[in-house]
Amino acid sequence: MNSLFIIAHAPLAHALRQCALHVFPDCADAVAALDVQPNVSPDETLAAARITMSQVGNAPGASGLLVLSDVFGATPCNVAQKLVDGTSSKLVCGVNLPMLLRTLSYRHETLDALVARAVTGGTQGVMQVNITAPQNQANRKFGNHDQDQHFHQQ
């Protein structure tokens, strides 16, 4: 199964991991987090990320590694880009809880399929909510990003 590594501005990475483990408590060994502190240099952060990556990537049963980062172009993402460069790991930016839960639900799939699931979960998890009864809301149309055309509980 694939492992996940969240790299985000402090305290988001560990907060997302804790939320994910609330839903999937059996995935503790498969989800790592690194909070990027404002007073730590990118080089120090990269060194810490490499250590964490080797730990989660070598976990029992780990077949691939998906790195999730928060904001494209920010330090966590820049560190993550350097981290996955030259490896078979993949990076997706814009991490949110629906994305994380989707990736945990499908972490047995190939790494490329997991990337597609992550992007779909992240985008489908963002929506405006009307203040009306659910039966009066229009059904949400899903794009063709997700192979399964049915509603997923996040």
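Note that these values count all heavy atoms, side chains included, but never hydrogens, waters or copies made by symmetry.
- A 4.5 Å side-chain heavy-atom check between L4 and L114 finds at least one atom pair inside the cut-off.
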Worked verdict on L83 versus I7 for side chain to side chain contact (heavy atoms under 4.5 Å, CB included): CA-CA 10 Å; L83 186 68; I7 303 175; 3.8 Å; yes

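- Both V119 and L16 are part of a single hydrophobic cluster, where members link through side-chain heavy atoms under 4.5 Å apart.
- Within the structure, the salt bridge (charged side-chain N to carboxylate O under 4.0 Å, His left out) test picks out no pair touching residues 31-57 (sequence neighbours left out).
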Atom pairs and distances, side-chain donor-acceptor, residues 88-95, under 3.5 Å, sequence neighbours left out:
residue	atom	partner	partner atom	Å
K90	NZ	D112	OD1	3.2

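- In this structure C27 satisfies the side chain to side chain contact (heavy atoms under 4.5 Å, CB included) test together with L21, F24, V31, L104, R107, sequence neighbours excluded.
- With sequence neighbours excluded, no residue forms a side chain to side chain contact (heavy atoms under 4.5 Å, CB included) with H22.
- Hydrophobic clustering, with ILVMFWY side chains joined whenever heavy atoms are under 4.5 angstrom apart, keeps M1 apart from V56.
- A heavy-atom distance below 4.5 Å is found between the side chains of F72 and Q81.
- Identified under the salt bridge (charged side-chain N to carboxylate O under 4.0 Å, His left out) test for residues 65-86, with sequence neighbours left out: none.
- Distance alone, capped at 3.5 Å, is enough to place a donor-acceptor pair between the S54 side chain and the I51 backbone.
- When the side chain to side chain contact (heavy atoms under 4.5 Å, CB included) test is applied to T45, the partners found at least two apart in sequence or on another chain are L34, V36, V40, V79.
- Under the 3.5 Å distance criterion, the side-chain polar atoms of T87 are matched with a main-chain donor or acceptor of V84.
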